[in-house]
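Here is the structure we will look at.
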Amino acid sequence: DFAQADKARLLLSDSFAAQKKYDDAGAILQQLVAANREGEEATLRLAWTLLKDGKKEPAARIFREFATKYPQHASAPLALYNAGITLYDLKQYPAAVETFLKLKETAPQSREAQDLRFWLALSYFELGKHAEAIALLDPLVAGKDLEAKLRPGALYTLAEARGATKDFA
């Protein structure tokens with residue numbers, strides 16, 4: 001029966017990933033995704049496996065594809081969040097901003113959206129959009145946005161953005 005065999009393949013891919021045999025794990029997951037079986041689970045696991053293996057570009061692409069293909073899935077906000085952070089890490093700031101804004105639009109109440117302000121501000125800062133970065137970071141640093149997390153780099157980035165715009169308010 002296909003369902004049992006596919007579950008066994010998922011477990012085998014987990015075993016390979018635990019052994020840091022990411023190529024083997026990824027190959028199994030790619031077969032499941034290509035066969036359109038265990039689609040949601042296999043797709044998400046494939047993205048994580050690629051990310052763990054340092055293959056950031058395909059991981060970010062698959063995270064974004066997952067969120068697009070399965071927008072109602074409980075892990076869709078997490079997939080967008082991880083795609084955005086991965087794109088930021090790859091210095092693909094316009095794509096990171098686009099991804100973070102999509103998360104803000106599609107899942108504004110998600111746990112991941114609470115941390116969104118910081119990453120979006122960093123992306124804007126790297127794009128030279130300092131006023132946008134300041135607008136996002138000011139409420140964080142002032143403690144006005146109690147839902148958002150104050151990341152350690154927020155105050156530094158705010159100071160850098162203020163210095164770049166000569167806005168020392």
Side-chain angles (χ1 to χ4, degrees), residues 1-127 133 136 140 147-154 156-157:
D1 154 287
F2 278 125
Q4 282 187 318
D6 290 345
K7 294 285 184 202
R9 286 186 180 117
L10 285 174
L11 291 174
L12 182 59
S13 76
D14 288 346
S15 175
F16 282 138
Q19 298 171 46
K20 298 188 178 184
K21 295 181 178 178
Y22 300 119
D23 287 339
D24 294 332
I28 291 169
L29 294 167
Q30 286 175 340
Q31 288 173 356
L32 289 171
V33 170
N36 203 24
R37 296 196 310 262
E38 296 298 326
E40 296 172 8
E41 190 66 28
T43 302
L44 198 54
R45 287 185 187 191
L46 178 57
W48 282 113
T49 299
L50 289 167
L51 189 61
K52 288 177 187 175
D53 197 23
K55 298 175 180 170
K56 294 178 182 180
E57 287 191 34
R61 179 181 47 77
I62 292 172
F63 276 131
R64 288 173 75 174
E65 288 172 1
F66 174 88
T68 299
K69 189 171 183 178
Y70 308 108
Q72 301 305 315
H73 194 281
S75 294
L78 179 62
L80 281 174
Y81 180 78
N82 284 305
I85 291 173
T86 303
L87 290 164
Y88 175 86
D89 191 46
L90 290 167
K91 300 183 184 334
Q92 295 179 15
Y93 306 118
V97 166
E98 176 187 325
T99 302
F100 289 134
L101 290 175
K102 183 173 182 180
L103 171 59
K104 182 178 176 182
E105 174 190 321
T106 58
Q109 303 304 317
S110 68
R111 184 179 65 213
E112 294 76 19
Q114 294 176 12
D115 203 28
L116 176 68
R117 188 182 293 264
F118 173 74
W119 288 102
L120 187 54
L122 287 182
S123 299
Y124 278 137
F125 178 79
E126 295 296 341
L127 289 170
L136 288 166
L140 280 178
E147 295 295 314
K149 296 178 187 175
L150 180 58
R151 290 286 203 147
Y156 176 79
T157 304

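Residue numbers count from 1 along this sequence.
- Between E112 and L80, every side-chain heavy-atom pair lies at or beyond the 4.5 Å cut-off.
- Separating the CZ atom in F66 from the CH2 atom in W48 is a distance of 11.0 Å, to the nearest 0.5 Å.
- In plain terms, the two heavy atoms of P77 and A74 that are nearest each other are CD-O, 3.5 Å.
- Rounding to the nearest 0.5 Å gives a distance of 9.5 Å between CD of Q72 and OG1 of T106.
- When all heavy atoms of F100 and G84 are compared, the pair lying nearest together is CZ-C, 3.3 Å.
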Evaluation steps, side-chain contact (heavy atoms from CB on, under 4.5 Å), between L90 and E57
CA-CA 8 Å; L90 290 167; E57 287 191 34; 3.5 Å; yes
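- Here D23 pairs with K55 under the side chain to side chain donor-acceptor pair (under 3.5 Å) rule; sequence neighbours left out.
- Counted within 6.0 Å of CD on Q19, heavy atoms from surrounding residues, nucleotides or ligands total more than 12; the atom is thus considered enclosed.
- In this structure, F63 and Y81 have side chains that are not in contact, with every pair of non-hydrogen atoms separated by 4.5 Å or more.
- Listed for the N82 side chain is a donor-acceptor partner under 3.5 Å among the backbone atoms of L78.
- Applying the side chain to side chain donor-acceptor pair (under 3.5 Å) rule to K56 yields the partners D89; only residues at least two apart in sequence or on another chain are considered.
- Residue pairs meeting the side-chain hydrogen bond (donor to acceptor under 3.5 Å, both in side chains) criterion with at least one partner in residues 90-105, sequence neighbours excluded, are R64-E98, R64-T99, T68-K102.
- When side chains are defined from C-beta on, P94 counts as touching L127, because their heavy atoms get closer than 4.5 Å.
- The ring-ring contact (aromatic ring centres under 6.0 Å, His included) search around Y124 returns none, not counting sequence neighbours.
- At a threshold of 4.0 Å, the pair R45-D14 counts as salt-bridged, since one of the basic side-chain nitrogens sits closer than that to a carboxylate oxygen.
- Under the salt bridge (charged side-chain N to carboxylate O under 4.0 Å, His left out) criterion, E65 pairs with R61, not counting sequence neighbours.
- Considering CG of L46 and CD1 of I62, their distance stands at 4.0 Å, rounded to 0.5 Å.
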Go through it in stages, so that I can follow the logic: the residues are T49 and S13, the test is side-chain contact (heavy atoms from CB on, under 4.5 Å), and I'd like the CA-CA distance, side-chain angles, deciding distance and then a yes or no.
CA-CA 9 Å; T49 299; S13 76; over 6 Å; no
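- Listed here is the closest heavy atom pair of S123 and A96: OG-CB, 3.8 Å.
- Note: Y22 OH to L51 CG = 10.0 Å, rounded to the nearest 0.5 Å.
- Evaluation of the side chain to side chain donor-acceptor pair (under 3.5 Å) rule for E126 yields no partner, not counting sequence neighbours.
- Considering every non-hydrogen atom in both A79 and L44, the closest pair reads CB-CD1, 4.4 Å.
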